[in-house]
Amino acid sequence: MKIKARSQRGKREGRRPLPEQAELPKSRTGIQGLDQITGGGLPKGRPSLICGGAGAGKTLFAMEYLVKGATQFNENGVYVAFEETPEELIQNTTSLGFHLERLAAGKKIALTHIRIERTEIEITGEYDLEGLFVRIGYLIDSIGAKRVVLDTLEALFASLPNEAILRAELRRLFRWLKDKGVTAVITAERGKEGTLTRHGIEEYVSDCVILLSHRMIEQISTRRLRIIKYRGTLHGTNEYPFLIERDGISILPITSIELSYKVSAERVSSGIERLDTMLGGKGYYAGSSILASGTAGTGKTSLSVSFAEASCRSGRKCLYVAFEESPAQILRNMKSISVDLEPWVNKGVLRFHAVRPTFYGLEMHLVKIHDVVNDFKPDAVVVDPISGLTAIGSQLEVNLMLSRLIDFLKGRGITALLTNLAHPETTEQTEMAISSLIDTWLLLRTVEINGERNRTLYVLKSRGMTHSNQVREFLITEKGIRISDVYVGAGQVFTGSSRMVQEAKDKADALIREQDRERRRRDFERRKKVLEAQMIALRAEMETTEEEFRIHAAQEEAREYVLALDRKKLAETRKTDVEDEHVLKGDGKRQGRHPK
């Protein structure tokens, strides 16, 4: 109850918030990818432990940290080797571009070898490192070093069996390095029975522990890096693949990739006019990712080569990564469809990078593509096919590798076209499950009708643009690729010779219908003429009858008039005017009117 009361009283009094902890200073390593997953580098002014088995890359890691510090960050360094001489270090690292002899001559790096032989050491009292401290301290002061490497720790304490003394001396060594204000990298061998180091103590007294491993997975060599601990800061906790190549260590973590690349509204041609029409009339978006998926023989390579040729023709550089065919074979085969790539290769705007998928591991393939892209600086990249990578990695590993590749190319604004060999039963999905990363997905299929197989193409999706939803026939001819409308008739879709037969049948049916319409039209015209003739005859007969009636009426009127005159004359003769006038006036037609 008292504790609760104090807590409530503390709230009432309003305690001051604790001051925000200052961010841990970092020492940038310059190793590609490592500064990203460590949030800026190794802990500055503190010791870091790099542990791993033989061939894991511990010495190279430490040496690159020292060299990059001297050449890129103006921090001199001291390299203390307990196993290799300075001459051996210089010779072993020359192939990686580390000019240690030049750096040593310029007082940027100090190399020293301390030989410790167990047969020459006899423990007679307290284990004393003062001689080592004096020697390292002199080297640090002589060149103003900010970085120190001790390689390897086992050689220094190999003759010390007492674990209590070993732990005390390790703490003393690490404390001395901290007091000197240097950032130390200490290498250690991997221990047995699950321990990180030989003694199982070093990782507990280090501020940062990085584990390097070298494995063989299905006869493919792979290296992995994992940050076991990092005091005072957040860091990546996954296991990251890394490579040792001619420029040193390269770490390509998927978590270091941010979805912050720019996009373009520019459109680039697919190399096939009718396909551009299907894609809103303008083709692909520049910098987008395109997937052409289909079963064997559907024309994926022909489609990708058409895109590469169109890119070169428009003045853009294209890199073609081939995993199945040699450049010479591709050049020869594409001439059969009137696509000649050789002039573009000679002009230097088209470059091939051809290698078997099983020649490298996934990470090495990725780094090699990075290297070629950085050197060639293409505007478009074709990878044909990505399905070949499944032979050297699991679905998840290939997915991660392709995700990094696609994001790398998008970050550079490079248009990427990937081809994928699909199984007939699963054409609308990929083994690598990367369809969600793709902007435009073209699906190529074969349709079997009446004993023949014909190719079809349709746009499964295309982000950000209107596109056709119709299935088109995909024809590969000696004059190039041609896309035509499929023929729909009798409730079916017809392609190839079946299309020709159905078109002929429909044309014959249309001709019969047209002939029937023409016959009916002629019959109508004849009947129309007959009826019109009959109408003319009836009209003439009617006019004749009418004329006869008028003549007869006129004659009757004339006769009556003559009779009236005769009566008048007769009346005048008889002096009977009144009677005659009455007779004459009895009919209005007789009052002095002449017949017509």
Q. Closest heavy-atom contact between Lys300 and Gly297?
A. NZ-N, 4.5 Å
(Q) Under a 3.5 Å threshold, yes or no: a donor from one side chain and an acceptor from the other, between Tyr320 and Asp384? (A) yes
Q.
Under the rule for side-chain hydrogen bond (donor to acceptor under 3.5 Å, both in side chains), what residues qualify as partners of Ser302, not counting sequence neighbours?
A. none
Q) In this structure, which one of Leu279, Thr419, Thr415 forms a side-chain contact (heavy atoms from CB on, under 4.5 Å) with Ile290? A) Thr415
Q: Using ring-ring contact (aromatic ring centres under 6.0 Å, His included) as the criterion, list what pairs up with Tyr230, not counting sequence neighbours.
A: none
Q.
Could you check whether any side-chain heavy atom of Thr446 comes within less than 4.5 Å of a side-chain heavy atom of Thr295, counting everything from C-beta outward?
A. yes
Q. Ring centroid separation for His365 and Phe323, is it under 6.0 angstrom?
A. yes
**Q.** Partners meeting side-chain hydrogen bond (donor to acceptor under 3.5 Å, both in side chains) with Ser314 (sequence neighbours left out)
**A.** Arg316
Q | Contact check, side chains of Thr93 and His99, non-hydrogen atoms, under 4.5 Å | A | no
Q: Locate the shortest heavy-atom distance separating Ile483 from Arg274; write the atom from each residue and the value.
A: O-NH1, 3.2 Å
Q. So, Lys26 and Thr233: side-chain donor and acceptor under 3.5 Å apart, yes or no?
A. yes
Would you tabulate the side-chain donor-acceptor contacts of residues 341-357 under 3.5 Å, counting partners in other chains and residues two or more places apart, or write 'none'?
{"from": "Glu342", "atom 1": "OE1", "to": "Lys335", "atom 2": "NZ", "distance (Å)": "3.4"}
{"from": "Asn346", "atom 1": "ND2", "to": "Glu342", "atom 2": "O", "distance (Å)": "3.3"}
{"from": "Arg351", "atom 1": "NH1", "to": "Asp375", "atom 2": "OD2", "distance (Å)": "3.0"}

Q: For the residue pair Leu442 and Leu444, establish whether any side-chain heavy-atom pair is separated by less than 4.5 Å.
A: no
Q) If we only count heavy atoms from C-beta on, is the Val209 to Ile227 side-chain gap below 4.5 Å? A) no
Q) Quick one: are Ile251 and Ile31 in side-chain contact, heavy atoms under 4.5 Å? A) yes
Q. How about Tyr285 and Asp439: does a side-chain donor come under 3.5 Å of a side-chain acceptor?
A. no
Q. In a check of side chain to side chain donor-acceptor pair (under 3.5 Å) between Thr59 and each of Thr187, Asp151, Thr152, which one passes?
A. Asp151
(Q) With a sphere of 6.0 Å drawn around CZ of Arg28, does it hold more than 12 non-hydrogen atoms of other residues, nucleotides or ligands? (A) no
Going by atom type alone, with no hydrogens or angles, which donor-acceptor pairs under 3.5 Å involve a side-chain atom of residues 39-54 and a protein atom two or more places apart or on another chain?
{"from": "Arg46", "atom 1": "NH1", "to": "Asp207", "atom 2": "OD2", "distance (Å)": "3.4"}

Q) Is the shortest heavy-atom distance from the side chain of Ile210 to the side chain of Leu225 under 4.5 Å? A) yes
Q | Arg224 charged N/C atom sitting above Tyr240 aromatic ring, 6.0 Å / 45° | A | no
Q. With a 4.5 Å heavy-atom cut-off, do Arg455 and Arg445 have their side chains touching?
A. no
Q. Side-chain donor-acceptor pair under 3.5 Å between Asn374 and Arg412, yes or no?
A. yes
(Q) By the ring-ring contact (aromatic ring centres under 6.0 Å, His included) test, which pairs, at least two apart or in different chains, include something from residues 42-76? (A) none
Q: Heavy atoms only: give me the nearest Ile109-Ala70 pair and the separation to one decimal.
A: CG1-CB, 4.1 Å
Q: Count the heavy atoms of every other residue, nucleotide or ligand shown that sit under 6.0 Å from NZ of Lys461, and state whether that count exceeds 12.
A: yes
(Q) Quick check: do Arg404 and Leu400 have side-chain heavy atoms less than 4.5 Å from each other? (A) yes
Q) With a 4.0 Å cut-off, would you call Arg147 and Glu75 a salt bridge? A) yes
Q: Determine, stepwise, if the pair Val67 / Leu103 fulfils side-chain contact (heavy atoms from CB on, under 4.5 Å).
A: CA-CA 8 Å; Val67 171; Leu103 293 172; 4.0 Å; yes
